[in-house]
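What you see below is based on every heavy atom in this structure, not just the backbone, and it leaves out hydrogens, waters and symmetry mates.
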Amino acid sequence: MSLSLRHILLAPVALAGLSACTAQTGGEVARGEVAFDPIYEGVETRLLEGDLVNFRVAMSGARDAEDVHDYAECAAAQYALIRGFGFARHVRTTTDNQGGLWSGDAVYTISPALPRGLKTIDAEVVVANCEDNGIPTV
């Protein structure tokens, strides 16, 4: 039994259609549809070396790792301002979820001028955004 060229060309289109149906009817739930009732458990800050700072955050009620990242970013922005700096650059964040308690381990550099790199933040802007969204800072 041989497949015609027509069947070979239409197979990817059919599979794409089926995957779209799955996503709409029972696949992942969109982030905006998940209940968001955060409880911010606190921030631990450690100066690692020079301008390198580690932030460990914990929270429950997060929708996903993005909420944990946002919490750590708010802490980093406020820390930069407290130290008299206006900017920070995200180095890395790892997250974990154990029974609904989310934790994050983030590292940022802080600096008085806009640092080089793609993941830079203006501390004043980020802190204002955190306040608007009810995310506590350090």
Side-chain angles (χ1 to χ4, degrees):
M1 182 181 212
S2 67
L3 292 175
S4 71
L5 181 59
R6 180 174 176 244
H7 289 110
I8 292 171
L9 293 175
L10 289 178
V13 173
L15 289 174
L18 287 174
S19 67
C21 290
T22 301
Q24 292 175 357
T25 61
E28 291 185 26
V29 177
R31 186 174 202 274
E33 296 174 10
V34 176
F36 184 50
D37 189 21
I39 298 172
Y40 299 98
E41 306 285 347
V43 177
E44 178 185 324
T45 305
R46 293 184 347 194
L47 182 60
L48 298 175
E49 185 177 319
D51 62 352
L52 201 59
V53 186
N54 176 235
F55 300 91
R56 292 185 178 165
V57 298
M59 68 183 294
S60 56
R63 293 167 288 202
D64 55 27
E66 187 176 332
D67 290 330
V68 180
H69 173 80
D70 291 346
Y71 186 24
E73 183 175 81
C74 290
Q78 183 65 51
Y79 182 87
L81 292 177
I82 289 169
R83 294 290 186 166
F85 296 104
F87 300 92
R89 181 177 57 84
H90 179 252
V91 176
R92 65 133 178 96
T93 300
T94 58
T95 59
D96 188 35
N97 181 3
Q98 296 287 323
L101 179 63
W102 285 86
S103 61
D105 185 356
V107 176
Y108 285 81
T109 59
I110 57 172
S111 63
L114 184 63
R116 294 174 49 179
L118 298 175
K119 298 180 180 181
T120 59
I121 62 173
D122 181 321
E124 288 184 8
V125 171
V126 170
V127 167
N129 188 46
C130 296
E131 290 172 357
D132 290 346
N133 288 303
I135 303 171
T137 58
V138 177

Task: side-chain contact (heavy atoms from CB on, under 4.5 Å) between Ile121 and His90, intermediate numbers included - done: CA-CA 8 Å; Ile121 62 173; His90 179 252; over 6 Å; no
Residue pair [X] / [Y]: nearest heavy atoms and the distance that separates them:
X	Y	result
Leu52	Leu47	O-CD1, 3.6 Å
Phe85	Ala123	O-CB, 4.5 Å
Arg89	Pro115	CB-CG, 3.8 Å
Glu41	Ser60	OE2-OG, 3.4 Å
Phe87	Asp122	CD2-CA, 3.9 Å
Ala58	Leu101	CB-CD1, 4.5 Å

TODO: Share the residues that join Val127 in a hydrophobic cluster, the rule being Ile, Leu, Val, Met, Phe, Trp or Tyr side chains under 4.5 Å apart at the heavy-atom level.
DONE: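 Its cluster partners, ordered by chain and number, are Leu81.
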Task: Arg116 atom CZ, over 12 foreign heavy atoms within 6.0 Å - done: no
TODO: Go through Val53 and Thr45 one step at a time and tell me if the side-chain contact (heavy atoms from CB on, under 4.5 Å) criterion holds.
DONE: CA-CA 7 Å; Val53 186; Thr45 305; 3.7 Å; yes
Task: Tyr108 side chain vs Asp51 backbone, donor-acceptor pair below 3.5 Å - done: no
TODO: Look at the side chain of Asn54 and the backbone N and O of Asp105, then say whether any donor-acceptor pair between them is shorter than 3.5 Å.
DONE: no
Task: Pairwise side-chain contact, Met59 with Val68, heavy-atom cut-off 4.5 Å (strictly under) - done: yes
TODO: Begin from the C-alpha positions of Glu73 and Val126 and carry the test side-chain contact (heavy atoms from CB on, under 4.5 Å) through to its verdict.
DONE: CA-CA 8 Å; Glu73 183 175 81; Val126 170; 4.0 Å; yes
TODO: Scan residues 71-138 for pairs that pass disulfide bond (SG atoms under 2.5 Å apart), counting only residues two or more places apart or in two chains.
DONE: Cys74-Cys130
TODO: Kindly indicate, with the supporting measurements, whether the criterion side-chain contact (heavy atoms from CB on, under 4.5 Å) is fulfilled by Trp102 and Asp96.
DONE: CA-CA 6 Å; Trp102 285 86; Asp96 188 35; over 6 Å; no
Could you tabulate the donor-acceptor pairs under 3.5 Å formed by side-chain atoms of residues 131-138, not counting sequence neighbours?
{"residue": "Asn133", "atom": "ND2", "partner": "Asn129", "partner atom": "O", "Å": "2.9"}
{"residue": "Asn133", "atom": "ND2", "partner": "Asn129", "partner atom": "OD1", "Å": "3.0"}
{"residue": "Thr137", "atom": "OG1", "partner": "Gln78", "partner atom": "OE1", "Å": "3.4"}

TODO: Decide, yes or no, whether a salt bridge links Arg31 with Asp67 under the criterion of side-chain N to carboxylate O below 4.0 Å.
DONE: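 Between Asp67 and Arg31 there is a salt bridge, with a charged N closer than 4.0 Å to a carboxylate O.
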- [ ] Working to the nearest 0.5 Å, report the span between OG1 of Thr93 and OH of Tyr71.
- [x]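 If we round to the nearest 0.5 Å, Thr93:OG1 and Tyr71:OH are 14.0 Å apart.
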